[in-house]
Each structure stands twice: as structure tokens, then as C-alpha cells.
Amino acid sequence: MTFLASPSADVVIVGGAVMGSSTAYHLLADSGFKGRVVVIEKDPTYQLSASALSAASIRQQYSSAVNIRISLYGIAFLRSIGDRLEVEGERPEIGLKEGGYLYCASEAGATILAENQALQAAEGADILFLKPDALKERFPWLNVEDLAAGTWGRSGEGWFDGWGLLQAFRKKARALGAEYVKGEVAEVERDGNAIVAVRLKDGTRIACGALVNCAGSGGRALAAMAGLNIPVQAKRRYVFTFSCREKVENCPLLIDTSGAYVRPEGDGHFICGASPEADLDPDWFDEDPASQEIDHSFFEEFIWPSLAHRVPAFEAIKPGRAWSGPYDMSLLDHNAIIGQAGAFRNFYLCNGFSGHGLQQAPAVGRGLAELIVHGGYRTLDLSELGYERVLANRPLLERNVI
């Protein structure tokens with residue numbers, strides 16, 4: 001049986017990766033909350049967690065205002081993480097590098113890029129709209145022959161150590177009193193429109209005042225235990241690495257017109273990936289090693305040729321290691337589902353981040369804590385991302401998906 005100081009908690013959070021740990025931290029840091037928080041994590045090594053396996057980046061280049069605002073808060077949080085998440089004099093360091101995102105567009109996509117940039121600038125994001133000549137001047141190694149425009153984040157965008165962010169949230173949450181329990185939820189007990197307890201596979205029953213679904217690739221299954229259907233499916237994503245002898249100075253996180261992306265990972269080293277076409281997009285299952293295999297042909301036949309076309313220096317590279325990881329995709333609109341779960345008064349969703357989870361964790365954790373403690377959002381309204389849009393089949397379409 002799982003050892004617990006008490007078989008009940010004011011808030012039970014299922015999933016202790018970056019979203020669950022951010023929510024636990026924000027709850028316990030809220031002066032209005034005096035309760036007990038238990039975080040249930042089936043694998044404390046996080047070896048199959050998106051938080052540990054993703055490309056770990058942050059951007060404001062979205063087409064919806066709520067996502068831009070979430071990331072503006074996120075970058076402010078990451079910049080001051082040492083102050084915010086210090087524990088007993090130890091200040092976390094996540095190696096934040098504000099190298100910017102560079103979205104490339106052909107003639108067909110330039111208008112959308114311009115519209116997005118206008119919204120981003122209006123929200124306060126430092127994003128520049130650049131014509132081919134300006135792109136070539138700033139990035140001499142870039143092939144702009146078939147480009148009509150690009151947008152680049154001059155500040156506020158870049159990449160960081162995702163594992164470091166997860167551990168910083170987790171360590172701070174535990175220092176504030178969060179109790180982490182190794183276990184897997186097997187049953188969710190409900191009484192009408194309230195969740196009253198969860199039962200773990202080892203038989204442990206934990207009564208809860210509120211339940212938060214931060215289960216990542218297992219989020220859909222957890223919701224189903226409560227009789228709720230959420231349109232989230234865990235997909236498989238690959239991250240490939242390579243080294244390049246030729247200098248590619250000041251390389252941002254570049255998104256090619258093909259959809260392939262690349263960013264630096266140290267001097268002369270890069271990581272890259274892409275989302276496959278919908279009909280070729282494989283599912284991910286934590287319990288099935290076959291669903292986690294790496295398709296190296298995807299790099300050889302699509303990613304590498306696309307990047308070599310955009311950056312001729314990448315024609316001569318040395319491929320390195322590669323890995324796969326889960327990508328909990330929101331099938332409705334590629335946007336997260338956040339907040340109260342329909343008619344349930346004490347069940348909260350935090351699912352379907354579609355690759356945006358690490359960068360959105362600070363704002364989302366804060367928002368969920370506000371909902372639970374105060375009954376509503378106080379600092380940033382996340383209601384556009386609520387479950388109500390799922391029930392109404394009202395997608396909040398995001399045009400900037402990687």
C-alpha cells in the first residue's frame with residue numbers, strides 16, 4: 001500500500017510533471033490556500049514525460065491572444081525563476097537562451113504571418129515582420145529565394161532546460177508542503193457532479209476536495225474514469241540531433257515553410273523535428289515500447305532535405321542521437337483544455353497542450369490555482385481554453401502549430 005500521512009487531501013493532482021508541479025506550487029504559494037496537496041505520479045523518473053523529452057522552447061508567435069498572453073507571462077516567469085523558485089538559498093538555473101523564433105513564409109503564407117504579427121505586437125510581444133532582404137541581412141546563411149517574409153522574435157522567445165524547469169517546480173512545491181506519491185490511478189469515485197476520491201492500483205484510496213487532471217499522455221483515460229470524454233490523443237514525436245561543421249551564426253529556432261524546425265543546442269550542434277501529416281501521425285502509448293520507436297527515415301527523407309534547402313550549410317552534417325516522446329494533442333483545435341470539467345464542481349482539466357506545455361506551465365498552474373482557491377481567474381483569463389468550447393464544438397483555432 002502507498003504510505004500517506006492521511007488518506008485525504010484538499011487537492012489531489014494526478015501527474016507530477018511540469019503542469020502538475022506548477023499547479024501544486026501555485027496552490028501552496030497562494031496566501032488564500034491553507035489545505036493539503038497530494039501529487040500522484042506513476043513514474044517519478046519522468047523518463048517518458050513530455051516535460052523531459054520535448055525540445056523545451058517558448059514563443060509568443062501565436063495567432064490567438066490568450067496564447068500570446070500566456071507566453072508573455074511565461075517568459076517573465078522564466079527570466080526570474082531564480083527568485084521565484086529558490087529553495088533554502090539554492091536558485092534554479094534553466095539556461096534560458098532568448099534566441100528567438102523565426103517563422104518562414106512563402107507568398108501563400110505571408111498574409112497570415114503579417115496578421116499574426118500585428119496581433120502579437122498589439123499584445124506587447126517583440127516580434128518583427130521581415131521581408132526577404134531584411135531576413136538575408138540578419139541571417140546571411142538563410143536561403144530566402146522562395147520566401148516572401150518571415151517573423152522573428154527579437155526578445156522573449158527561445159529555449160531552455162525543460163528538465164530543469166520541471167525539477168525546480170517540483171522541488172519548490174515539496175518545500176511548500178506538497179506530498180508526492182508514487183502510484184497510478186485505477187478508479188475515480190464520484191457522487192453526482194462531485195469527485196469524492198481516487199483509488200490507486202495498489203488499493204490505496206485518497207479522498208479529495210478537488211481533483212486536477214495533469215496526467216499528460218494519460219489524461220484522456222483519467223477523464224474517462226469520471227465519465228468524461230476529452231478530445232485528446234497522445235501522439236508520437238521525434239527529436240533528432242546533428243552537428244554541423246560550418247558556422248551558422250545567431251541561429252534562432254527556425255520553422256521552415258515545410259513545417260520542419262531546427263534550433264541550436266550548443267556550439268555547432270542542433271536539434272530538429274517536425275509534425276507528420278495527419279494520416280501518418282502515430283499514436284503513443286506509455287505501456288507499448290513499439291509505439292515509442294524512432295522512424296529515422298522521417299529525418300532522412302523529410303526533415304534533413306527541408307532544412308538543407310533552407311540552410312545550405314546543413315547539407316553537410318553528422319547525425320547524432322534521436323529520441324521519441326509523447327505529444328498530447330488536442331484533436332479539436334490544437335489548444336489546451338483548461339479549467340472546470342463541465343458540470344463537475346471539483347474536477348479540473350489541464351490537458352491537450354499540443355507541444356506548448358512547458359512554456360505554458362507557469363501561467364496555467366497559476367490559473368488553475370486561482371480557480372480552485374478563489375473560484376475564478378484573477379490575473380489572466382483562461383476561460384477561452386475551457387471545456388465549454390469542447391461541449392459546444394467551438395474550436396479556438398491556432399494557426400501557428402509546430
Side-chain angles (χ1 to χ4, degrees), residues 55 57-65 67-68 71-72 75 96-160 240 242-275 299 302-317 355 359 397-402:
S57 52
I58 182 167
R59 60 182 166 111
Q60 282 87 52
Q61 292 194 59
Y62 290 96
S63 64
S64 52
N67 282 328
I68 299 168
S71 279
L72 285 170
I75 192 65
L96 176 63
K97 170 68 174 177
E98 294 187 42
Y101 271 62
L102 174 61
Y103 271 86
C104 298
S106 63
E107 197 66 47
T111 299
I112 292 175
L113 214 59
E115 292 172 355
N116 291 347
Q117 188 271 339
L119 174 63
Q120 294 149 11
E123 290 293 333
D126 186 18
I127 311 299
L128 304 183
F129 183 86
L130 303 172
K131 290 290 191 178
D133 287 349
L135 285 170
K136 192 68 175 178
E137 182 179 1
R138 191 174 292 274
F139 307 111
W141 38 262
L142 187 69
N143 174 18
V144 300
E145 291 180 358
D146 56 348
L147 297 183
T151 49
W152 173 63
R154 181 167 49 186
S155 64
E157 297 189 319
W159 48 92
F160 55 93
F240 300 95
F242 66 87
S243 56
C244 178
R245 185 179 302 173
E246 188 175 338
K247 290 286 186 181
V248 181
E249 301 283 0
N250 301 315
C251 183
L253 195 157
L254 184 152
I255 302 96
D256 183 46
T257 54
S258 65
Y261 74 83
V262 63
R263 74 159 172 85
E265 180 74 349
D267 187 26
H269 300 279
F270 299 85
I271 68 174
C272 62
S275 294
F299 173 78
F302 175 69
I303 295 175
W304 184 11
S306 298
L307 296 180
H309 169 74
R310 187 61 54 214
V311 183
F314 291 160
E315 291 177 0
I317 63 169
Q359 61 188 283
L397 293 178
E398 175 56 57
R399 296 191 289 188
N400 279 15
V401 177
I402 303 174

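Residues take their numbers from the sequence shown, with the count starting at 1. Since this is a predicted model, take the numbers as computed values, not measurements. Keep in mind that the numbers below use all heavy atoms, side chains included, and drop hydrogens, waters and symmetry copies.
- The line from CG of L147 to CD of E107 is 10.5 Å long, rounded to the nearest 0.5 Å.
- Here L130 contributes atom CG and L113 contributes atom CG; the two are 9.5 Å apart, rounded to the nearest 0.5 Å.
- When every heavy atom of E265 is checked against every heavy atom of I271, the shortest pair comes out as CB-CG2, 3.8 Å.
- Summarising the geometry of L307 relative to C272, their closest heavy-atom pair is CD1-CB, 3.7 Å, with the distance given to 0.1 Å.
- Summarising the geometry of F160 relative to L96, their closest heavy-atom pair is CB-CA, 4.0 Å, with the distance given to 0.1 Å.
- With sequence neighbours excluded, the residues satisfying side chain to side chain donor-acceptor pair (under 3.5 Å) with E157 are Q61.
- The distance from the CD1 atom of I58 to the CD atom of E98 is 8.5 Å, given to the nearest 0.5 Å.
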**Asked** Which is it for R310 and D146 under the side-chain contact (heavy atoms from CB on, under 4.5 Å) test, yes or no, and what are the steps along the way?
**Response** CA-CA 9 Å; R310 187 61 54 214; D146 56 348; 2.7 Å; yes

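- From E249, atom CD reaches atom CZ of F139 across 12.0 Å, with rounding to the nearest 0.5 Å.
- Taking the six-membered ring where the residue is Trp, Y103 and Y101 present parallel rings, their angle staying beneath 30° rather than reaching 60°.
- For S306, the side chain to side chain contact (heavy atoms under 4.5 Å, CB included) partners at least two apart in sequence or on another chain are D256, S258, A260, F302.
- With sequence neighbours left out, the ring-ring contact (aromatic ring centres under 6.0 Å, His included) criterion links F314 to F242, F270.
- Residue R138 forms a side chain to side chain contact (heavy atoms under 4.5 Å, CB included) with just one option from D133, L128, N250, and that option is L128.
- In this structure, E137 places its CD atom where only 12 or fewer heavy-atom neighbours from other residues, nucleotides or ligands lie under 6.0 Å away.
- Q60 contributes no side-chain N or O that, together with a main-chain N or O of D126, makes up a donor-acceptor pair within less than 3.5 Å.
- N116 is not listed as a side-chain neighbour of I127, based on a closest heavy-atom distance of 4.5 Å or more.
- Here the closest heavy-atom approach between residue L72 and residue E123 is recorded as CD1-O, 3.3 Å.
- With rounding to the nearest 0.5 angstrom, the OG atom of S57 is 14.5 Å from the NZ atom of K97.
- Annotation: cation-pi pair R263/Y261 absent, no NZ/CZ under 6.0 Å from the ring centroid and within 45° of its normal.
- The nearest pair of heavy atoms linking S63 to L119 is O-CD2, 3.3 Å.
- In this structure a side-chain-to-backbone donor-acceptor pair under 3.5 Å is missing from W159 to A55.
- Nearest heavy-atom pair, K131 versus A148, reported as atom, atom and distance to 0.1 Å: CD-O, 3.8 Å.
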**Prompt:** Is there a side-chain contact (heavy atoms from CB on, under 4.5 Å) between K247 and D267 once you walk through the steps?
**Reply:** CA-CA 9 Å; K247 290 286 186 181; D267 187 26; 3.2 Å; yes

